[in-house]
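Along the sequence shown, residues carry numbers from 1. As a basis for the values below, the full set of heavy atoms in this structure was taken, side chains included, without hydrogen atoms, waters or symmetry mates.
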Amino acid sequence: MTEQNFSLLDRHFAGFLAGRSGLSGVKKERFYELAARVSLALESGHSCLPLTAAEQELFNGNPLVSDGGRTPLVLHNGRLYLHRYYTYETRLAGQIKAMAAVTLDPGRGEALVDGCFERDPAAVDWQKEAAKTALKKSLTIICGGPGTGKTTTVVKILAILLQAAEDGRLPNIALAAPTGKAAMRLSESVGGSVKKLDLPERIVGALPTAAATLHRLLGVRRNSPQFRHNRENPMPFDIVVVDEASMVDLALMSKLVDALKPGSRLLLLGDKDQLASVESGAVLGDLIRTLPANTVTLQKTYRFDENIKNLAMAINAVDGDTAWGLLEDPAAENVSLLRADSLDALVEPYARYMARVNRPGNGDFRELFALFNSFRVLCAVHYGSRGVEELNRRIELAMAKRGFFSRSEPWYPGRPVLVTRNDYGLELFNGDIGICLKDPDGGAELKVWFERPDGGLKSYSPHRLPHCETVFAMTIHKSQGSEFDEVVVVLPEEDNKILSRELLYTAVTRAKRAVRLVAEKEVLRLAVSRNTLRYSGLTEFLVGRTER
């Protein structure tokens, strides 16, 4: 690895430590490189950096490195950590192991399970198995792909726990997700499931239907990475449900588990085949691999398009040829290939959206959000001829040529934007999507409106927003937790190290009705054949002895 791979932060961090390492010459240069590499590893989603035996020898006796002590670097079992991330892993592992080992008395809940699930003696009802596990475990992980009924299952579990509550004391329940969009989807899904169940009014009233982001649940502190709720000030909830748990990174999961009150239950819902978190770690995957007694995988698919399902299955089966055959099959009309030069296919759905924005009497902003969210262009990369930046430029230019706005105006009605930096004061976070629209109460004044997890809308002046970018097209990573009627997935013209099976699966499963793919056959085959690799010691800590 050469120095041009390192960011400015990597180089400054490595230089700071190397200057205090007590080393000189070649040894100091090697120390610098390894310190920069562990910093770069974090930026790449790893929680640690595996070292060779020769690399480990460099740290013997160095005052900046220990096997878990209060030093900037920690070297444990051949893995180099920044101290903070070693603490996150070991602490989380200790807490999760303790939770996973708890066996609870299901009480009256066991007798209620059969009544909540359909009986099919010919097949295992995995939703029912998930309910049985959740009644007996403090920690339950419910895994499954789109349409397998994860939310329906958890609503039934919550209803059972409420009805089985002793002494009439109903447990306090929280619903959460990593992003605002995922929280809104969870709220909608839970609300829809509750309406379909025949439950006593008292139980329906106790079931939460509004989900919060994890940041809001934990209590944001302005200008601080720490939250209001922690081990000393735990959250008041008896049951915490977290959807889209694959998106939760190591640091956030550690802080969440830290903030659970003693004796509470944690239910994690997620899809193990999706991309891991953008930040460090692959926590959900590590937990599923090491905690089979706490994990139930839902296997029957409901309400999911058969062609999209088959495409997703081919991708997961590492079968690029079958995936390509499905895309070329004229009988599968809603799963198809798209020519790279077919810009009209990207423009027309947004032209309909922009026409609706500019129509008089467009005061129903929720309708505009629904229309905008019905279609999305998803790119694997940010730069290049098939990257987010270029496709946003081309789509925006096509919209301007149709007269929807002037290119000289940076803000215009209908401009969709993606927040790329957290602003705790405004409660806007990386990944939130807003739409610029005229304030219905302020004449021609433009504001940017964001959907909130509780179903409401909140507006901000464009000039108050944290850094954001136009989002007619977005990266597949940023699309996690979202769902669209139709997606166009755009892969780069040549192989790229970011391409993986998980990336392509995540992109395809964002669609409810139709998937179109811009790709060369060989690039798709390479993407399907490659798994995302995350270096982590969490599995080892969960299986072995963990110090806290």
Side-chain angles (χ1 to χ4, degrees), residues 88-107 109-110 113 116-117 124-145 148-158 160-161 164 171 173-178 214 235 237-250 252-274 276-277 281-299 536-546 548:
Y88 285 147
E89 274 198 356
T90 53
R91 192 152 154 179
L92 177 62
Q95 292 165 324
I96 288 291
K97 280 175 66 177
M99 286 191 74
V102 173
T103 300
L104 303 171
D105 180 2
E110 199 162 30
V113 171
C116 285
F117 298 91
V124 177
D125 187 336
W126 292 105
Q127 292 190 1
K128 185 189 290 186
E129 292 303 311
K132 290 178 179 178
T133 299
L135 286 172
K136 297 176 182 178
K137 296 290 184 180
S138 286
L139 171 68
T140 304
I141 304 166
I142 302 176
C143 176
T148 51
K150 295 187 293 294
T151 307
T152 300
T153 302
V154 84
V155 169
K156 291 181 179 181
I157 290 169
L158 296 178
I160 291 169
L161 290 171
I173 302 170
L175 304 176
L214 283 171
M235 296 182 292
F237 307 110
D238 303 295
I239 304 170
V240 176
V241 177
V242 180
D243 196 15
E244 297 288 355
S246 63
M247 297 173 63
V248 184
D249 62 85
L250 173 63
L252 187 56
M253 186 68 82
S254 179
K255 292 172 183 178
L256 170 67
V257 174
D258 231 11
L260 296 174
K261 76 175 186 178
S264 60
R265 299 176 191 253
L266 177 63
L267 282 78
L268 301 177
L269 315 181
D271 185 347
K272 64 180 176 58
D273 295 314
Q274 279 191 35
S277 60
V283 178
L284 183 69
D286 288 341
L287 297 185
I288 289 171
R289 278 189 292 274
T290 52
L291 301 172
N294 299 78
T295 302
V296 178
T297 300
L298 306 183
Q299 299 176 18
S536 164
L538 184 59
T539 298
E540 173 193 292
F541 289 128
L542 284 166
V543 172
R545 180 176 65 86
T546 301
R548 292 186 60 191

Problem set entry | Straight-line distance of L291 CG to M99 CE, nearest 0.5 Å | 11.0 Å
Exercise. Is the closest side-chain donor-acceptor distance between S536 and E89 under 3.5 Å?
Worked result: yes
Exercise. Measuring from C143:SG to L284:CG, what's the distance to the nearest 0.5 Å?
Worked result: 6.5 Å
For this session: Count the heavy atoms of every other residue, nucleotide or ligand shown that sit under 6.0 Å from NZ of K261, and state whether that count exceeds 12.
Result: yes
Problem set entry | Gap separating the CG atom of D249 from the OH atom of Y88, nearest 0.5 angstrom | 8.5 Å
Exercise. Under a 4.5 Å cut-off applied to non-hydrogen side-chain atoms, are L256 and L214 in contact?
Worked result: yes
Exercise. Between L267 and V242, is any pair of side-chain heavy atoms under 4.5 Å apart?
Worked result: no
Exercise. Closest approach of I157 and A131, non-hydrogen atoms and distance?
Worked result: CG1-CA, 3.7 Å
Exercise. Nearest 0.5 Å, what's the CD1-CD1 distance between I239 and I173?
Worked result: 4.5 Å
For this session: Apply the test side chain to side chain contact (heavy atoms under 4.5 Å, CB included) to residues K137 and V102: give CA-CA distance (whole Å), side-chain angles for both, the deciding distance (0.1 Å), then the verdict.
Result: CA-CA 6 Å; K137 296 290 184 180; V102 173; over 6 Å; no
For this session: Decide yes or no for L268 and M253: does some side-chain heavy atom of the first lie under 4.5 Å from some side-chain heavy atom of the second?
Result: yes
Exercise. Would K156 and T152 count as a side chain to side chain contact (heavy atoms under 4.5 Å, CB included) if you check the C-alpha gap in whole Å, the side-chain angles of each, and the deciding distance to 0.1 Å?
Worked result: CA-CA 6 Å; K156 291 181 179 181; T152 300; 4.0 Å; yes
Exercise. Considering only heavy atoms from C-beta outward, does the side chain of E110 approach that of K132 to under 4.5 Å?
Worked result: no
For this session: Indicate yes or no: at least one non-hydrogen side-chain atom of C116 is less than 4.5 angstrom from one of I160.
Result: yes
Exercise. Between S264 and L260, is there a donor-acceptor pair closer than 3.5 Å when you use the side chain of the first and the backbone of the second?
Worked result: no
Seminar exercise, completed: Here the pair of heavy atoms bringing G270 nearest to K150 is O-CD, 3.7 Å
Exercise. Okay, side chain of N294, backbone of I141: is any donor-acceptor separation there less than 3.5 Å?
Worked result: no
Exercise. Can you name the closest pair of heavy atoms from A164 and G109 and give their distance?
Worked result: CB-N, 3.5 Å
For this session: Determine whether S246 and D271 make a side-chain contact, defined as any pair of heavy atoms from C-beta on separated by less than 4.5 Å.
Result: no
Exercise. Would K255 and D258 pass as an ion pair if we require N to O under 4.0 Å?
Worked result: no
Problem set entry | K272, NZ atom: more than 12 neighbouring heavy atoms under 6.0 Å | no
Seminar exercise, completed: Shortest non-hydrogen pair, S254 vs L92, comes out as CA-CD1, 4.1 Å
Seminar exercise, completed: In this structure, CD1 of I288 is separated from OG1 of T297 (nearest 0.5 Å) by 6.5 Å
Seminar exercise, completed: Residues A293 and T133: closest non-hydrogen pair is O-CG2, 3.8 Å
For this session: Could you tell me whether R265 and D238 have a side-chain N and a carboxylate O separated by less than 4.0 Å?
Result: no
Exercise. Any donor and acceptor pair, going by atom type alone, linking the side chain of T153 with main-chain N or O of G149 inside 3.5 Å?
Worked result: yes
Problem set entry | Separation between CG of L139 and NZ of K97, rounded to the nearest 0.5 Å | 14.0 Å
For this session: Given side chain to side chain contact (heavy atoms under 4.5 Å, CB included), test V241 with T151 step by step and report yes or no.
Result: CA-CA 10 Å; V241 177; T151 307; over 6 Å; no
Exercise. Would a 4.5 Å heavy-atom cut-off, applied to side chains only, mark S138 and L104 as touching?
Worked result: yes
Seminar exercise, completed: Heavy-atom closest pair (T140 atom, A134 atom, distance to 0.1 Å) is OG1-CA, 3.2 Å
Exercise. Does some side-chain heavy atom of L542 sit less than 4.5 Å from a side-chain heavy atom of L287?
Worked result: yes
